[in-house]
Trainee: 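Dropping a structure here in structure tokens format, bear with me for questions.
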Amino acid sequence: MVKINVGGCSSFVKDADYKVYVEKALAAYDVLQGGQGAGNDFLGWKTLPVDVKEDIISSCEAVRDDWKSLGVNLVLVIGIGGSYLGARCAIEALSHQFVRPEGVPQVVFAGNNLSEEYLAELMDLAKVRNTACIVISKSGTTTEPAVAFRLFKEYIENTYGKAEASRRIVAITDAVKGALKTLSTQEGYRTFIVPDNVGGRFSVLTPVGLLPICVAGFDIRAMLKGAAAEREALLVRGEENAAVKYAAMRNLLHSEYGKAIEIMVTYNPKFTYLSEWWKQLYGESEGKDGKGIFPASVTNTAALHSMGQFIQEGTRVMFETVINIENSNRNVVIGSDEQNLDQLNYLAGKNVEHCNAMAQLGTKLAHIDGGVPQMEVSIERINEENLGAIFYFFEFACGVSAYTLGVNPFNQPGVEAYKKNMFALLRKPGFEAQTEEIMKRVDVKL
């Protein structure tokens, strides 16, 4: 279960103000639970931990086992935004950072950028590996993943043949419509469904996240179990509800005390992509209507030697949310050295993680003294169950927080602006009028 500590904010806010925002967050909680708020047709994520059917889980496991029988050692996951960030977060958190177990494929990601060098170098890797592909898109026409899929579909077909390509490509897409659905039916790809009532950034507990995580060798049943347990905890309404506390404090700091930036802090590099997933979740859910808290992130202790200076003494517009991992999964003890030239014998016999914990505590005290409020979100250790719990916690808290702020958590109208300009510049059919207009604004020769 996820725990939250807001004590690091207590010296910055008035108790009476916090109580007001707890009541606001409870009212937002009721809107979310009652399904009466803006975007309420996208609430399917709320019950995913208990709604995911056995046939979906077993189908994910069947793909994993089939590709293992083919000797697949590279899986390309093609998608952008919520179609890859949750899976990448889980895989990077759970994986050994330097060694891949025998028989477990390396999972890499494409379709999240339009870098020619990135795609070319990924193709270099595919050419020396035994490759399969998961493509994730509701429509199949989103530019970044569509470009990547066209390239790698052609490569897989040319390398393994059309018949075997249909075994090596799995699509996660709309149930009935869209270019990718049509192609999947035509080519005979195994297909998983993106539920209509679950938006991309809330989709990690659908096949969008579950299939890549399963193929990477991790226990998606345990992940769903952890999410279900967190859901049960958050169903208990009250001022001690962790999501209510988080939503209340972050909105209070923002609305009444001028804190415009929230920095997610981790002291374990395995959670760097948790921050990336969280930034999309909160940035896309709250950043609209001229409102929102800007989500940023750092990985300490490395960032203490770079961004640490600004956080300690720069403009006082930020607060921190620290991801606290109570126990390490490994045990590394610092030894003694007779010469003690590095002057570290005072640490002899101590675990490295003890030093990390003291760095975390020392930083907390320093940043609070420097004027930076701090919350802590804690899990017991990094494993599948706790990842499921923290995914669900932040999703639920996001709904509560956005309704507290007064915005629709489940739309993203601003995302379309760059696409329209890009389509016009690329001369996509149907955008001729926009092309003529936009060329007047940029220094581009027709």
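Just the heavy atoms: all of them, side chains too, but no hydrogens, waters or symmetry mates, feed the values below.
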Trainee: More than 12 foreign heavy atoms under 6.0 Å from CD of Glu239: is that the case here?
Mentor: no
Trainee: Strictly distance-based, threshold 3.5 Å: is any side-chain N or O of Glu230 a donor or acceptor partner for the main-chain N or O of Ala228?
Mentor: no
Trainee: If you look at every heavy atom in Ala146 and Gly140, which pair is closest and at what distance?
Mentor: CB-O, 3.7 Å
Trainee: Does Arg237 reach the main-chain N or O of Leu235 with its side chain, forming a donor-acceptor pair under 3.5 Å?
Mentor: no
Trainee: Can you confirm whether Asp15 is buried at CG, in the sense that more than 12 heavy atoms of other residues, nucleotides or ligands lie under 6.0 Å from that atom?
Mentor: no
Trainee: With side chain to side chain donor-acceptor pair (under 3.5 Å) as the criterion, how do Arg201 and Gln412 come out once you've worked through the C-alpha distance, each side chain's angles and the decisive distance to 0.1 Å?
Mentor: CA-CA 10 Å; Arg201 58 189 176 274; Gln412 53 282 334; 2.6 Å; yes
Trainee: Spell out, as yes or no, whether a donor-acceptor pair under 3.5 Å connects the side chain of Glu380 to the backbone of Asn386.
Mentor: no
Trainee: Are Phe202 and Leu281 side-chain neighbours, meaning at least one heavy-atom pair lies under 4.5 Å?
Mentor: yes
Trainee: Determine whether Gln360 and Asn300 satisfy the following criterion, side chain to side chain donor-acceptor pair (under 3.5 Å), listing intermediate values before the conclusion.
Mentor: CA-CA 8 Å; Gln360 181 176 328; Asn300 288 342; over 6 Å; no
Trainee: If you define the side chain from C-beta out and look only at heavy atoms, does anything of Met223 sit under 4.5 Å from Phe218?
Mentor: no
Trainee: Would Lys24 count as a cation-pi partner of Tyr21, with NZ or CZ less than 6.0 Å from the six-membered ring centre and within 45° of the ring normal?
Mentor: yes
Trainee: If you count the non-hydrogen atoms of other residues, nucleotides and ligands that lie under 6.0 Å from NZ in Lys419, is the total more than 12?
Mentor: yes
Trainee: Quick check for you: to the nearest 0.5 Å, what is the distance between Ile263 atom CD1 and Ile311 atom CD1?
Mentor: 4.0 Å
Trainee: Can any side-chain N or O of Tyr282 pair as donor or acceptor with the backbone N or O of Cys398 at less than 3.5 Å?
Mentor: yes
Trainee: Could you pull out the closest heavy-atom pair between Val298 and Ala303, with the gap in Å?
Mentor: CB-CB, 3.6 Å
Trainee: How long is the gap from CG on Leu180 to OG1 on Thr141, to the nearest 0.5 Å?
Mentor: 9.5 Å
Trainee: Please answer whether the main-chain N or O of Ala25 pairs with a side-chain N or O of Asn251 as donor and acceptor at a distance below 3.5 Å.
Mentor: no
Trainee: Please find the pair of heavy atoms, one from Cys9 and one from Met375, that lie closest to each other, and give the distance.
Mentor: SG-CG, 3.6 Å
Trainee: Assess the residue pair Val147 and Phe149 against the criterion (side chain to side chain contact (heavy atoms under 4.5 Å, CB included)); give the C-alpha distance rounded to whole Å, side-chain angles, the decisive distance to 0.1 Å, and a yes or no.
Mentor: CA-CA 5 Å; Val147 167; Phe149 183 53; over 6 Å; no
Trainee: State, to 0.1 Å, how close Thr206 and Pro195 come at their nearest heavy-atom pair, and which atoms those are.
Mentor: CG2-CD, 3.9 Å
Trainee: Would you call the rings of Tyr246 and Phe393 parallel, tilted or perpendicular if under 30° counts as parallel and over 60° as perpendicular?
Mentor: tilted
Trainee: Taking C-beta and beyond as the side chain, do Leu234 and Asn241 meet within less than 4.5 Å on heavy atoms?
Mentor: yes
Trainee: State whether Glu256 and Lys14 are salt-bridged, where the test is any N-O pair (Lys NZ or Arg NE/NH1/NH2 against Asp/Glu carboxylate O) under 4.0 Å.
Mentor: no
Trainee: Is it the case that more than 12 heavy atoms not belonging to Glu116 sit under 6.0 Å from its CD atom?
Mentor: no
Trainee: Between atom CH2 of Trp278 and atom CZ of Phe271, what is the distance when rounded to the nearest 0.5 Å?
Mentor: 14.0 Å
Trainee: So Asn324 and Asn5, do their side chains get closer than 4.5 Å, heavy atoms only?
Mentor: no
Trainee: Salt bridge or not between Glu276 and Arg88? Use side-chain N to carboxylate O under 4.0 Å.
Mentor: no
Trainee: So, for Phe396 and Ala243, which heavy atoms are closest and what is the spacing to 0.1 Å?
Mentor: CD2-CB, 3.7 Å
Trainee: For the atom pair CG (Asp51) and CH2 (Trp45), what is the distance rounded to the nearest 0.5 Å?
Mentor: 12.5 Å
Trainee: For the side chain of Thr173 and the backbone of Ser137, is there at least one donor-acceptor N/O pair under 3.5 Å apart?
Mentor: yes
Trainee: Is there side-chain contact between Tyr392 and Pro49, with heavy atoms separated by less than 4.5 Å?
Mentor: yes
Trainee: Report yes if some heavy atom in the side chain of Leu122 is under 4.5 Å from a heavy atom in the side chain of Leu76; otherwise report no.
Mentor: yes
Trainee: Between Phe391 and Leu48, is any pair of side-chain heavy atoms under 4.5 Å apart?
Mentor: no
Trainee: I want to know whether Tyr118 and Phe109 have ring centres closer than 6.0 Å.
Mentor: no
Trainee: Spell out, as yes or no, whether a donor-acceptor pair under 3.5 Å connects the side chain of Ser401 to the backbone of Ala397.
Mentor: no
Trainee: Which of these passes side-chain contact (heavy atoms from CB on, under 4.5 Å) with Pro373: Glu320, Met318, Lys259, His367?
Mentor: Lys259
Trainee: With heavy-atom distances below 4.5 Å as the criterion, would you say the side chains of Lys46 and Arg231 are in contact?
Mentor: no
Trainee: Is any side-chain N of the basic residue among Glu286 and Lys291 closer than 4.0 Å to the acidic one's carboxylate O?
Mentor: no
Trainee: Does the pair Asp219/Lys225 count as a salt bridge with the N-to-O cut at 4.0 Å?
Mentor: no
Trainee: I need the Arg190 CZ to Ile172 CD1 distance, nearest 0.5 Å.
Mentor: 12.0 Å
Trainee: Just wondering, are more than 12 heavy atoms of other shown residues or ligands nearer than 6.0 Å to CD in Glu117?
Mentor: no
Trainee: Does any N or O in the side chain of Ser58 come within less than 3.5 Å of the main-chain N or O of Asp55, such that one atom is a donor and the other an acceptor?
Mentor: yes
Trainee: Which heavy-atom pair separates Ala222 from Glu385 by the least distance, and what is that distance?
Mentor: O-CG, 3.2 Å
Trainee: Could you check whether any side-chain N or O of Thr191 sits under 3.5 Å from a backbone N or O of Tyr189, counting only pairs where one atom can act as donor and the other as acceptor?
Mentor: yes
Trainee: Just by modelled atom types, is the Gly37 backbone N or O under 3.5 Å from a matching donor or acceptor in the Asn40 side chain?
Mentor: yes
Trainee: Take Leu43 and Leu32, measure what side chain to side chain contact (heavy atoms under 4.5 Å, CB included) needs, and give me the verdict at the end.
Mentor: CA-CA 8 Å; Leu43 294 177; Leu32 180 65; 3.8 Å; yes
Trainee: CD1/Ile368 to OG/Ser11 distance, rounded to the nearest 0.5 angstrom?
Mentor: 6.0 Å
